[in-house]
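Heavy atoms only: backbone and side chains are in, while hydrogens, waters and symmetry mates are out.
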Amino acid sequence: MAIPDTLAARLIEVTKNNNLGGHFLMLGRQRWIGTRKGKAAKLLADTIGTYLPGKSEEDLKNPNDAYSEQFFKALGYDQVDSLDFSEFENASIIQDLGAELDPALHERFDVIYDGGTCEHIFELPTAYRNIHKMLKKGGVLIAHSPCNNWINHSFYQINPEMVYGFWEKAMGYELLSLILQPLLPNFSDRVVTTTNPNVTGVRPRLKGKLPQNSPIMMCYAVRKPFDTEGKGVAYQTDYMEKWQG
């Protein structure tokens with residue numbers, strides 16, 4: 001799990017556009033990659049210039065290792081923790097997301113970042129529900145999840161339907177953003193959005209064309225309700241429309 005230029009730019013945008021801060025948790029201890037080449041490198045440079053004036057990419061790197069705590073502190077988060085199943089990358093919290101959650105982690109974090117962790121957890125619904133438990137009321141999940149062209153990368157590729165059907169409709173979360181982001185550097189500007197099945201009543205439709213030869217990352221952010229939560233039971237919207245006649 002690592003943060004290249006394209007995903008770093010999206011993290012900066014969603015953090016600053018939504019005035020996020022407070023106690024931050026990354027799932028897995030994310031490595032910092034930063035600038036690669038081409039359009040993606042320019043995207044990161046331009047995004048730093050816009051949202052982090054006076055800072056350079058050097059200011060975003062951990063000084064003594066390859067990880068990314070300094071990056072998130074530079075975005076304005078007060079405390080940065082990492083959570084993992086094992087101690088192999090020295091995460092600050094050891095917890096199996098696919099198992100029962102330590103009660104000490106309940107409603108502890110303002111922002112959680114899933115930068116490519118949950119698709120590797122076979123008990124995916126449990127992992128998502130544990131994220132829900134760990135977020136404070138009004139807390140935000142930011143996720144970068146593999147969506148297409150990631151064969152054999154993990155147990156799952158995550159679709160927009162999951163965000164709309166589970167997080168928004170079943171759990172009552174507010175959708176802050178959702179884009180499909182090609183990960184190859186020269187396709188960094190080929191961002192595509194989708195329709196929302198909770199509005200249209202049919203499965204999400206792409207609002208643009210994606211390159212066929214690039215892994216596609218789904219980048220989304222959702223906010224936990226401050227008060228009334230959803231019932232937590234997810235069904236695909238178009239099937240619900242058929243069932244209800």
Closest contact, heavy atoms only, Pro146 versus His153: CG-CD2, 4.2 Å
Residue pair Thr35 / Glu57, side-chain donor-acceptor N/O under 3.5 Å: yes
Sub-4.5 Å side-chain heavy-atom contact between Met26 and Ile3: no
Under 3.5 Å donor-acceptor, Asn196 side chain and Asn198 backbone: yes
Trace of the side chain to side chain contact (heavy atoms under 4.5 Å, CB included) decision for Gln236 with Lys169: CA-CA 10 Å; Gln236 282 193 261; Lys169 189 163 189 174; over 6 Å; no
Sidechain-backbone polar pair: Asp102 side chain, Leu105 backbone, donor-acceptor under 3.5 Å: no
Heavy-atom side-chain proximity of Asn159 to Met218 below 4.5 angstrom: no
Arg223 side chain to Gly138 backbone, donor-acceptor under 3.5 Å: yes
Side-chain donor or acceptor of Ser92 paired with backbone N/O of Ser82 under 3.5 Å: yes
Closest approach of Ala221 to Val14 (non-hydrogen atoms, all atoms of both residues): CB-CG2, 3.6 Å
Which atom of Ile33 lies closest to which atom of Pro4, heavy atoms considered: CB-CA, 3.8 Å
Pair Tyr164-Thr194, side-chain donor/acceptor within less than 3.5 Å: yes
Thr117 side chain near Leu83 side chain, heavy-atom distance below 4.5 Å: no
Exercise: identify the closest heavy-atom pair between Gly21 and Val111: O-CG2, 4.1 Å
From CA spacing to verdict: side chain to side chain contact (heavy atoms under 4.5 Å, CB included), Gln30, Leu7: CA-CA 12 Å; Gln30 297 284 329; Leu7 299 185; over 6 Å; no
Residues Ser145 and Tyr220: side-chain donor-acceptor under 3.5 angstrom: no
Rounded distance (nearest 0.5 Å) linking atom CZ of Phe109 with atom CZ of Phe24: 10.5 Å
Over 12 foreign heavy atoms within 6.0 Å of NZ, Lys136: yes
In one Ile/Leu/Val/Met/Phe/Trp/Tyr side-chain cluster, 4.5 Å: Val233, Val222: no
Close side-chain approach of Leu27 and His120, heavy atoms under 4.5 Å: no
Worked check of side chain to side chain contact (heavy atoms under 4.5 Å, CB included) between Leu52 and Lys16: CA-CA 9 Å; Leu52 301 172; Lys16 294 302 183 181; 3.7 Å; yes
Flag for Gln95-Asn130: side-chain donor and acceptor within less than 3.5 Å: no
Derivation of the side chain to side chain contact (heavy atoms under 4.5 Å, CB included) call for Lys39 and Lys42: CA-CA 5 Å; Lys39 293 179 180 179; Lys42 184 178 186 304; 5.7 Å; no
Nearest heavy-atom neighbours spanning Ala8 and Leu44: CB-CD1, 3.9 Å
Between CG on residue Leu183 and SG on residue Cys219, distance to nearest 0.5 Å: 8.5 Å
Pairwise side-chain contact, Ile12 with Leu75, heavy-atom cut-off 4.5 Å (strictly under): yes
Asp110 (side chain) donor-acceptor with His23 (main chain) under 3.5 angstrom: yes
Mutual orientation of the aromatic rings belonging to Trp243 and Tyr235 [parallel < 30°, tilted 30-60°, perpendicular > 60°]: perpendicular
Side-chain heavy-atom pair Thr6, Met217 within 4.5 angstrom cut-off: no
Short side-chain to backbone donor-acceptor contact, Asp46 and Leu43, under 3.5 Å: no
Nearest heavy atoms of Thr195 and Pro197, plus distance in Å: O-CD, 3.7 Å
Distance-only donor-acceptor hits, side chain of residues 205-212, under 3.5 Å, sequence neighbours excluded:
| unit_1 | atom_1 | unit_2 | atom_2 | d |
| --- | --- | --- | --- | --- |
| Arg205 | NH1 | Arg203 | O | 2.9 |
| Gln212 | NE2 | Leu210 | O | 3.2 |

Partner of Asn62 under side-chain hydrogen bond (donor to acceptor under 3.5 Å, both in side chains), chosen from Arg31, Glu69, Lys73: Glu69
Polar side-chain atom of Lys224 near backbone of His132 as donor-acceptor pair, under 3.5 Å: yes
From CD (Glu87) to CD1 (Ile94), nearest 0.5 Å: 5.0 Å
Heavy atoms of other groups near Tyr156 OH, more than 12 under 6.0 Å: yes
salt_bridge(Arg29, Asp65) N-O dist < 4.0 Å: yes
Path from Ile93 to Met134 over hydrophobic side-chain contacts below 4.5 Å: yes
Pairwise side-chain contact, Leu11 with Phe71, heavy-atom cut-off 4.5 Å (strictly under): yes
Rounded distance [0.5 Å steps], CD in Glu174 versus CD in Glu168: 9.0 Å
Joint hydrophobic cluster, Leu135 plus Leu124, side-chain heavy atoms closer than 4.5 Å: yes
Rounded distance [0.5 Å steps], CG in Leu25 versus CZ in Arg108: 8.5 Å
Same cluster (ILVMFWY, side-chain, under 4.5 Å), Met1 and Trp150: no
Test item: Ile131 and Cys118 side chains (from C-beta on) under 4.5 Å apart, heavy atoms: yes
Atom pair CG (Asp5) and OG (Ser188), whose distance is rounded to the nearest 0.5 Å: 7.5 Å
Parallel, tilted or perpendicular: ring planes of His144 versus Tyr113, cut at 30 and 60 degrees: perpendicular
In one Ile/Leu/Val/Met/Phe/Trp/Tyr side-chain cluster, 4.5 Å: Leu141, Ile158: yes
Parallel, tilted or perpendicular, as decided by the 30° and 60° cut-offs, for the rings of Phe166 and Tyr128: parallel
